[in-house]
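Below, all heavy atoms of this structure are taken into account, side chains as well, without hydrogens, waters or symmetry copies. Numbering of ligands and ligand atoms starts at 1, following listing order.
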Amino acid sequence: MIAENLQRTAAGLPEGVRLVAVSKFHPVDALRDAYAAGQRVFGESRVQELCDKAPMMPADTQWHFIGHLQTNKVKPLIGLVSMIESVDSERLLGLIDRLSAERGMVTRVLLQVHVAAEETKFGFSPEELLKYFGGRKYERLRATHLCGLMGMATNTDDMERVRADFARIASLKRQIAEICPDLRGFDELSMGMSDDYRIAIEEGSTLVRIGTAIFGSR
Ligand SMILES: *Cc1c(COP(=O)(O)O)cnc(C)c1O
């Protein structure tokens with residue numbers, strides 16, 4: 001079942017869009033099924049869960065951390081994950097950079113932007129991001145590679161609102177690239193989940209984070 005869902009989903013993605021299989025709350029057996037069907041990139045939203053699962057999966061499994069990350073839980077992720085998608089504050093970014101430098105490695109991250117209507121979602125506001133890049137604060141990073149933006153649309157059945165949210169995130173990334181033409185490799189747009197990834201792709205997503213449509217409900 002998982003293999004079928006995965007292959008159907010993956011086959012429907014256009015070139016240039018990569019699949020992050022969101023495996024949070026699912027047992028390692030489910031991840032192994034997806035791995036056997038060819039999936040290599042998995043998304044987890046809790047540090048402990050990711051650290052428990054990682055040693056039980058083949059070494060070439062790539063992990064994306066996608067949940068809210070408390071500063072006291074960053075350390076075990078450094079060197080373990082291939083990307084932290086959910087960097088939602090300068091403080092967190094600074095800490096990731098320091099811990100990565102101490103370990104002598106570079107951590108790839110996305111900055112999470114908040115455009116959805118819900119107040120509960122984490123992330124930089126568009127204004128904060130423009131200020132961050134306008135002030136060229138990224139030049140201080142020593143061991144962090146800013147790879148792009150991650151964002152979620154408003155949780156609504158109004159698909160035009162969803163599309164507008166994704167378009168806003170995509171437009172923000174273009175604006176940042178204009179302000180900072182020297183910024184290299186700021187290419188990823190992580191947008192789209194099970195219910196809205198097709199719209200996200202139409203609006204320019206390069207990474208879709210899909211859980212339920214592959215693994216079933218949590
Ligand atoms: C859980 C989660 C997803 C996957 O959502 P589905 O609706 O199950 O596809 C994607 N992104 C984030 C940040 C999540 O927490």
Side-chain angles (χ1 to χ4, degrees), residues 1-13 17-28 30-31 33-34 37 39-53 62-70 73-74 77 81-89 92-93 96 108-125 147-159 161-163 165-166 168-170 173 188-218:
M1 192 63 182
I2 289 172
E4 233 173 78
N5 291 342
L6 179 79
Q7 276 154 355
R8 189 176 359 89
T9 307
L13 301 179
V17 179
R18 285 184 302 138
L19 172 63
V20 179
V22 176
S23 47
K24 63 187 185 198
F25 309 138
H26 290 285
V28 171
L31 283 74
D33 286 350
Q39 184 62 22
R40 292 295 178 270
V41 187
F42 292 85
E44 288 284 339
S45 61
R46 291 180 176 184
V47 173
Q48 191 56 53
E49 187 176 347
L50 195 158
C51 291
D52 289 343
K53 285 173 172 172
Q62 296 167 43
W63 301 96
H64 282 209
F65 189 80
I66 63 169
H68 177 60
L69 183 53
Q70 290 167 281
K73 299 205 172 141
V74 175
L77 294 186
V81 299
S82 67
M83 186 177 276
I84 301 176
E85 295 201 15
S86 44
V87 175
D88 57 7
S89 72
L92 177 59
L93 181 59
I96 291 169
R108 302 166 73 234
V109 308
L110 303 180
L111 301 181
Q112 183 174 353
V113 55
H114 172 95
V115 298
E118 291 89 17
E119 285 179 7
T120 50
K121 291 209 170 124
F122 293 102
F124 290 88
S125 70
C147 297
L149 299 180
M150 184 272 253
M152 279 177 259
T154 303
N155 186 10
T156 171
D157 291 336
D158 175 1
M159 286 302 151
R161 171 67 206 245
V162 168
R163 183 180 296 281
D165 286 348
F166 287 143
R168 188 150 179 235
I169 298 167
K173 178 169 159 283
E188 302 280 4
L189 262 183
S190 176
M191 312 192 294
M193 325 201 309
S194 291
D195 289 337
D196 57 16
Y197 73 90
R198 290 177 186 85
I199 299 174
I201 290 169
E202 286 170 12
E203 298 303 326
S205 176
T206 63
L207 278 175
V208 289
R209 309 178 309 272
I210 300 180
T212 309
I214 295 169
F215 296 107
S217 57
R218 293 178 286 270

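- Distance check: Leu149 CG to Ser205 OG gives 11.5 Å after rounding to the nearest 0.5 Å.
- In the displayed structure, Arg46 atom CZ is contacted under 6.0 Å by at most 12 heavy atoms of other residues, nucleotides or ligands.
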Test Met193 against Val22 for side-chain contact (heavy atoms from CB on, under 4.5 Å), laying out the working first.
CA-CA 9 Å; Met193 325 201 309; Val22 176; over 6 Å; no
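- Closest to atom 10 (C) of ligand 1, if we only count protein heavy atoms, is Met193 SD, 3.3 Å.
- Heavy atoms of Ile210 approach ligand 1 to within less than 4.0 angstrom.
- Annotation for ligand 1: atoms under 4.0 Å from non-hydrogen atoms of Thr212 are 6 (P), 7 (O), 8 (O), 9 (O).
- For atom 15 (O) of ligand 1, the nearest protein heavy atom (residue, atom name, distance) is Lys24 NZ, 2.6 Å.
- Every N/O-N/O distance between Ser45 and ligand 1 stays at or above 3.5 Å.
- With sequence neighbours excluded, the residues satisfying ring-ring contact (aromatic ring centres under 6.0 Å, His included) with Phe122 are His68.
- Under the ring-ring contact (aromatic ring centres under 6.0 Å, His included) criterion, Tyr197 pairs with no residue, sequence neighbours left out.
- Between the side chains of Gln112 and Ser86, no donor-acceptor pair of N or O atoms lies under 3.5 Å.
- The closest side-chain donor-acceptor pair between Glu118 and Thr154, if any, does not fall under 3.5 angstrom.
- What sits closest to atom 11 (N) of ligand 1 on the protein, heavy atoms only, is Arg209 NE, 2.8 Å.
- Here's the thing with Ser194: one of its N/O atoms is less than 3.5 angstrom from an N/O atom of ligand 1.
- In Glu85, neither the side chain nor the backbone holds a heavy atom less than 4.0 Å from any atom of ligand 1.
- Residue Met152 has no nitrogen or oxygen atom sitting less than 3.5 Å from a nitrogen or oxygen atom of ligand 1, judged on distance alone.
- Looking at atom 12 (C) of ligand 1, its nearest protein heavy atom turns out to be Ile66 CD1, 3.6 Å.
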